[in-house]
Amino acid sequence: MKKSLLSLAVASSLGLVSAGALADPIDFQVNEAAYGGAGLVTADLINGGYVEVITFDGLGGFATKALASFSQFYLNDNPTPVSGSSLGPAGTYNMYAVLDETGTVSGNTFTGGAGSMHLYLDPGQNTTLGLGATGNDPVAIGNNGDDIEIAWSTNIVSGFGVLIPNIGGFFDIWFDDLQLTAAGSSYFVNPNPFYVKANVDGDFNTFQIQGTQRIGGDVSVVFAVPEPGTLALLGLAMAGMGLGLRRKNLA
């Protein structure tokens, strides 16, 4: 889900759109063979929906837990999903994420601080997901004995949201140091190594900035390579260890 021109205008006027948020997402490949798919799928965006419970402490702070379900891959801004994928209810496996964040709120603007993202595959398509009573409570996950965690991060480098009263709003969160599990490395097969940032963004329905609120909307995940300076430092470190670093030409 792309942000509307209105949302971008609001964000720009508030000085919230970062250089990272404007970067083009990288193409990536997943291998669905182990989950009933035909093989490799190329995409640059994972799309779905989410629900969250957010609690305001009345002192300018907030805490939130969110559950996102992803059902479609997209590529190069094509309006139709990538064909041939087995992801989603009509396919052979599901994907979901559990997210949490704390931060501050000023007026109608939210600034994220600490948080995490955990991404899972549900081969049995039978996992149940539920939110707690407040944004401080853990989420409830059931029938997940066969679920597989494929990626996680606990490093938010940028997080913000804007609420347009009586209309809705949007959020944009950048996670750094995305880590793939062993299963994740077999699923996300390109780029290799998968040294990327994960951008989670979406749109949400209107709500009141007080007490505890439950909201939902659209959500997407894209990936971007680290800044050139970060890659240069990484290259020097790897060379110093005698491991070397092979360049990859990312489309």
Looking only at non-hydrogen atoms, find the nearest pair between [X] and [Y] and report the distance.
X: Val200; Y: Val221; value: CG2-CG2, 4.0 Å
X: Pro191; Y: Asp27; value: CD-O, 4.0 Å
X: Leu163; Y: Phe207; value: CD2-O, 3.5 Å
X: Ser86; Y: Gly36; value: OG-O, 3.8 Å
X: Gln72; Y: Pro81; value: NE2-CG, 3.5 Å
X: Thr111; Y: Phe62; value: O-CE2, 3.8 Å

Using the benzene-type ring in the case of Trp, are the ring centres of Phe28 and Tyr187 under 6.0 Å apart?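 Between Tyr187 and Phe28, which both carry aromatic rings, the centre distance is not below 6.0 Å.
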
Is it the case that Asn144 and Thr127 place a side-chain donor and acceptor less than 3.5 Å from each other?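 Judged by distance alone, the side chains do not pair up.
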
Side-chain H-bond candidate by donor/acceptor type, Asn155 with Asp177, under 3.5 Å: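 Side-chain D/A pair, Asn155 to Asp177: present.
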
How far apart are the C-alpha atoms of Asp176 and Trp174, what are their side-chain angles, what is the distance that settles it, and do they pass the side-chain hydrogen bond (donor to acceptor under 3.5 Å, both in side chains) test? CA-CA 7 Å; Asp176 203 358; Trp174 281 89; over 6 Å; no

Apply side-chain contact (heavy atoms from CB on, under 4.5 Å) to the pair Thr181 and Trp152, showing each step before the final yes or no. CA-CA 8 Å; Thr181 64; Trp152 58 273; 4.3 Å; yes

Is there a donor-acceptor pair under 3.5 Å between the side chain of Asn78 and the backbone N or O of Thr80?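 Flag set: sc Asn78 to bb Thr80 pair under 3.5 Å.
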
Donor-acceptor contact present, side-chain Asn192 to main-chain Val189, <3.5 Å: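 It does not hold such a pair.
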
Is [Y] close to [X] at the side-chain level, that is, under 4.5 Å between some pair of heavy atoms?
X: Leu75; Y: Leu45; answer: no
X: Gln213; Y: Gln208; answer: yes
X: Val139; Y: Leu67; answer: yes
X: Val30; Y: Leu40; answer: no
X: Ile148; Y: Pro123; answer: yes
X: Asn199; Y: Pro25; answer: no

What ring pair (Phe, Tyr, Trp, His ring centres under 6.0 Å) pairs are there with at least one residue in residues 64-100, not counting sequence neighbours? Tyr35-Tyr93, Tyr96-Tyr120

From [X] [atom1] over to [Y] [atom2], what is the distance, rounded to the nearest 0.5 angstrom?
X: Ser85; Y: Ile46; atom1: OG; atom2: CD1; value: 10.0 Å
X: Lys197; Y: Ile26; atom1: NZ; atom2: CD1; value: 12.5 Å
X: Gln179; Y: Ser185; atom1: CD; atom2: OG; value: 9.5 Å
X: Phe175; Y: Ser153; atom1: CZ; atom2: OG; value: 6.0 Å
X: His118; Y: Ile141; atom1: NE2; atom2: CD1; value: 9.5 Å
X: Leu99; Y: Lys65; atom1: CG; atom2: NZ; value: 11.0 Å

Assess the residue pair Asn47 and Ser71 against the criterion (side-chain hydrogen bond (donor to acceptor under 3.5 Å, both in side chains)); give the C-alpha distance rounded to whole Å, side-chain angles, the decisive distance to 0.1 Å, and a yes or no. CA-CA 6 Å; Asn47 193 62; Ser71 58; over 6 Å; no

Do [X] and [Y] share a hydrophobic cluster (ILVMFWY, side-chain heavy atoms under 4.5 Å, transitive)?
X: Val82; Y: Phe223; answer: yes
X: Val196; Y: Leu180; answer: yes
X: Val98; Y: Met117; answer: no
X: Leu129; Y: Leu87; answer: no
X: Leu119; Y: Phe194; answer: yes

For Val162 and Asn108, run side-chain contact (heavy atoms from CB on, under 4.5 Å): C-alpha distance rounded to whole Å, both residues' side-chain angles, the deciding distance at 0.1 Å, then the answer. CA-CA 6 Å; Val162 174; Asn108 296 322; 5.5 Å; no

Using the rule given for side-chain hydrogen bond (donor to acceptor under 3.5 Å, both in side chains), can you reason through Asp100 versus Ser116, listing the C-alpha separation, both sets of side-chain angles and the distance that settles it, and then say yes or no? CA-CA 6 Å; Asp100 69 86; Ser116 68; 2.4 Å; yes

Which is it for Ser69 and Asn94 under the side-chain contact (heavy atoms from CB on, under 4.5 Å) test, yes or no, and what are the steps along the way? CA-CA 8 Å; Ser69 297; Asn94 293 334; over 6 Å; no

Steps toward side-chain contact (heavy atoms from CB on, under 4.5 Å) verdict (Thr55, Thr64): CA-CA 6 Å; Thr55 296; Thr64 182; over 6 Å; no

Applying side-chain contact (heavy atoms from CB on, under 4.5 Å) between Leu121 and each of Met95, Glu149, Glu32, report the one that passes.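 With Leu121 as partner, Met95, Glu149, Glu32 yield a single side-chain contact (heavy atoms from CB on, under 4.5 Å), made by Met95.
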
Students often mix this up, so state it plainly: with edges at 30° and 60°, are the rings of Phe110 and Phe204 parallel, tilted or perpendicular? perpendicular

